[in-house]
2 protein chains.
Amino acid sequence: MGSLQIFLRESADAGSFCYIGRKGHGRLPWCHPYLVYDHRMGLKYYKSEDKVLLAVDCIIFGFDNGELKILLVRRNMEPEMGKWSLIGGFMKKAEDLDQAATRVLQNLTGLGDIYMEQLYTYSKVDRDPGQRTISVAYFALIDVASHQFEGVQLETARWFPLSDAPDLIFDHNKMVAKAVARLRRRALTMPIGFELLPDKFTMRQLQTLYECILDKELDKRNFINKFKSLDVLIRLDEKDMTVARKGAYLYTFDKDKYDRKVEEGFSFKL
Amino acid sequence: MGSLQIFLRESADAGSFCYIGRKGHGRLPWCHPYLVYDHRMGLKYYKSEDKVLLAVDCIIFGFDNGELKILLVRRNMEPEMGKWSLIGGFMKKAEDLDQAATRVLQNLTGLGDIYMEQLYTYSKVDRDPGQRTISVAYFALIDVASHQFEGVQLETARWFPLSDAPDLIFDHNKMVAKAVARLRRRALTMPIGFELLPDKFTMRQLQTLYECILDKELDKRNFINKFKSLDVLIRLDEKDMTVARKGAYLYTFDKDKYDRKVEEGFSFKL
DNA sequence: TCCTTAAGTGTATTTGATACATTTTAAATG
DNA sequence: CATTTAAAATGTATCAAATACACTTAAGGA
């Protein structure tokens with residue numbers, strides 16, 4: 001009894017599939033695209049030579065000391081040993097990309113409740129000279145002050161002011177640039193400051209944050225008026241007495257109102 | 001002579017790398033992350049069990065007969081045989097995602113000069129019940145009228161009005177929804193109509209296109225005023241006499257001015 | 001008590017978005 | 001040839017939002 005043979009049609013672009021069948025018996029209609037049938041092994045994957053490793057790289061923004069910063073690690077490995085790089089890792093087969101990004105970040109910072117968002121997928125053939133890797137970039141926002149994480153990995157990680165960050169490996173510079181653009185857009189579509197500030201903050205801090213993100217000076221009165229009209233802030237009775245002799249009122253975000261606003265979808269210009 | 005052994009550190013998230021070296025000899029500093037050294041094979045990939053197939057799926061928008069449409073194919077394969085699906089294919093190891101998307105589209109339509117843009121990467125573990133596949137969605141804009149493509153594959157492909165499209169396989173509905181949102185945003189950031197209209201078009205066509213994209217009626221005078229003030233249109237001396245007794249002037253985009261505008265970055269509200 | 005420093009506050013002006021109605025043209029009709 | 005008809009072309013007044021702009025207030029330190 002000869003072994004069972006299969007045939008495949010090469011070009012399979014039209015609908016993500018190609019015809020598969022037994023020689024002389026027509027296609028096997030139940031057969032999944034890109035599967036190969038082998039009479040001993042049962043179904044197995046086709047085109048495994050086109051499988052690739054999927055990495056996630058995280059652009060982690062923090063706001064500290066009136067500056068917008070990103071978290072980088074020094075690469076201790078060739079190629080590009082000693083150069084700075086984004087925090088990253090590989091997606092495991094049992095998880096999706098969001099989970100992979102969360103895991104990578106959690107392993108580093110020990111924190112789980114962090115704003116993350118998928119940014120873009122980078123796939124140039126030679127982007128990683130070592131091997132073919134596709135990288136999905138995520139950007140994350142964390143409040144540096146409240147999150148004094150003690151992760152072991154932190155020996156190798158460091159916060160850099162965005163304006164004074166070193167050159168990065170591979171296409172990581174591009175990723176950062178795109179993340180900054182995205183952050184800028186988000187800042188105008190949702191009061192994203194939430195994620196980057198401590199629970200209680202002054203108007204000044206909020207404004208400085210926006211000035212850093214948008215990279216331009218804002219008028220204090222206009223800024224406050226606009227933000228107040230958004231109606232997502234609660235002024236506390238507390239004051240921060242360290243910033244001025246007079247002291248400055250502390251605010252928190254009104255999470256409920258904020259969430260409602262985000263759902264409604266709104267934009268606001270600065 | 002015993003075989004050369006290697007050791008790896010398992011958790012490798014902090015910087016996309018892990019330590020690799022010969023047992024007892026410290027790590028090999030020149031060795032790339034996630035490579036394994038084998039004395040017979042030389043370098044080979046590590047963690048190949050976490051490699052996955054990368055698909056691209058294209059949301060192809062067309063504008064025809066005053067309607068916004070998408071191009072779908074009927075799936076002739078299990079699972080989900082007979083259901084409608086986006087046009088897709090797999091990325092080959094020798095190409096990047098943009099190239100894969102272009103190839104997929106070119107194979108289908110025979111056309112190469114098409115506006116395409118990466119949308120989002122979908123990676124839920126069970127998104128394709130057949131096997132683990134990650135899909136990178138692209139959205140494309142083509143002018144149906146000028147591009148009467150004769151691709152062989154077209155037997156299986158069909159244009160559907162966006163408002164009357166069938167349910168799609170996997171997470172393709174989600175992809176379409178996201179693409180529509182992106183298209184809407186683009187329409188307000190760049191005069192994207194360019195891509196969806198024939199070379200020469202009437203103001204009415206342009207307005208109808210925008211009405212379809214934004215899904216709301218627009219005032220004719222305001223629309224024309226705003227678009228004229230953008231200064232990217234050239235009014236030709238020709239008229240389209242089929243649309244009205246009076247005839248309607250034909251316009252083209254001023255590609256140069258348009259490109260300059262896009263570079264400057266501008267937004268305009270409708 | 002006075003000085004200093006940053007916080008806090010309101011209005012006038014400009015700019016852009018919206019609402020809205022009549023005239024024009026050429027083909028079709030009688 | 002005069003009249004009808006259907007859609008194209010056009011401009012202004014109003015309203016809303018963005019911007020520009022300067023003085024007063026509070027509390028700590030000298």
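Lettering follows sequence order; numbering is per chain, from 1.
Under the rule for a side chain to side chain contact (heavy atoms under 4.5 Å, CB included), the partners of A:Asp167 that lie at least two apart in sequence or sit in another chain are A:Lys83, A:Asn173. Among residues two or more places apart in sequence or in another chain, the salt bridge (Lys or Arg N to Asp or Glu O under 4.0 Å) test is passed with A:Asp259 by A:Lys255. Under the salt bridge (Lys or Arg N to Asp or Glu O under 4.0 Å) criterion, B:Asp219 pairs with B:Arg221, sequence neighbours left out. In this structure, B:Asp254 has no salt bridge (Lys or Arg N to Asp or Glu O under 4.0 Å) partners at least two apart in sequence or on a different chain. Among residues two or more places apart in sequence or in another chain, the ring-ring contact (aromatic ring centres under 6.0 Å, His included) test is passed with B:Tyr122 by B:Tyr120. Residues passing the ring-ring contact (aromatic ring centres under 6.0 Å, His included) test with A:Phe160, sequence neighbours excluded: A:Trp84. Take A:Asp64 and apply the salt bridge (Lys or Arg N to Asp or Glu O under 4.0 Å) test, not counting sequence neighbours, and it matches A:Lys69.
Straight-line distance from the CD1 atom of A:Ile224 to the C1' atom of C:dT11: 16 Å, rounded to whole Å. As rounded to whole Å, 13 Å separates atom C1' of D:dA27 from atom OH of A:Tyr249. Atom CZ in B:Phe223 sits about 18 Å away from atom C1' in D:dG11, given to the nearest Å. Between the CG atom of B:Leu250 and the C1' atom of D:dA8 there is a distance of 13 Å, given to the nearest Å. In this structure, B:Lys228 places its NZ atom 11 Å from C1' of D:dG11, rounding to the nearest Å.
Near DNA chain C, meaning a heavy atom under 4.0 Å from it, residues 200-214 of chain B has no residue at all.
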Please report, to 0.1 Å, the donor-acceptor pairs under 3.5 Å made by any side chain of residues 227-236 of chain B, with sequence neighbours excluded.
| from | atom 1 | to | atom 2 | distance (Å) |
| --- | --- | --- | --- | --- |
| B:Ser229 | OG | B:Lys226 | O | 2.8 |
| B:Asp231 | OD1 | B:Lys257 | NZ | 3.4 |
| B:Asp231 | OD2 | B:Lys257 | NZ | 3.4 |

For residues 190-204 of chain B, tabulate all N or O donor-acceptor pairs below 3.5 Å that involve a side-chain atom, not counting sequence neighbours.
| from | atom 1 | to | atom 2 | distance (Å) |
| --- | --- | --- | --- | --- |
| B:Lys200 | NZ | B:Glu238 | OE1 | 2.7 |
| B:Lys200 | NZ | B:Glu238 | OE2 | 3.4 |
| B:Thr202 | OG1 | B:Gln205 | N | 3.2 |

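Using modelled atom types, no side-chain atom of B:Glu117 and backbone atom of B:Ala140 make a donor-acceptor pair closer than 3.5 Å.
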Between the protein and nucleotides 25-30 of chain C, list the N/O to N/O atom pairs that are separated by less than 3.5 angstrom.
| from | atom 1 | to | atom 2 | distance (Å) |
| --- | --- | --- | --- | --- |
| C:dA26 | O4' | B:Arg245 | O | 3.3 |

Between the protein and nucleotides 16-19 of chain C, are there any N/O to N/O pairs under 3.5 Å, and if so, what are the atom names and distances?
| from | atom 1 | to | atom 2 | distance (Å) |
| --- | --- | --- | --- | --- |
| C:dA19 | N7 | B:Asn222 | OD1 | 3.3 |
| C:dA19 | N7 | B:Asn222 | ND2 | 2.9 |
| C:dA19 | N6 | B:Asn222 | OD1 | 3.0 |

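Using a 3.5 Å distance cut-off with no hydrogens or angles, the side chains of B:Asp237 and B:Tyr249 do not pair a donor with an acceptor.
Between B:Lys220 and D:dA7 there is no side-chain polar atom (N or O) within less than 4.0 angstrom of OP1 or OP2.
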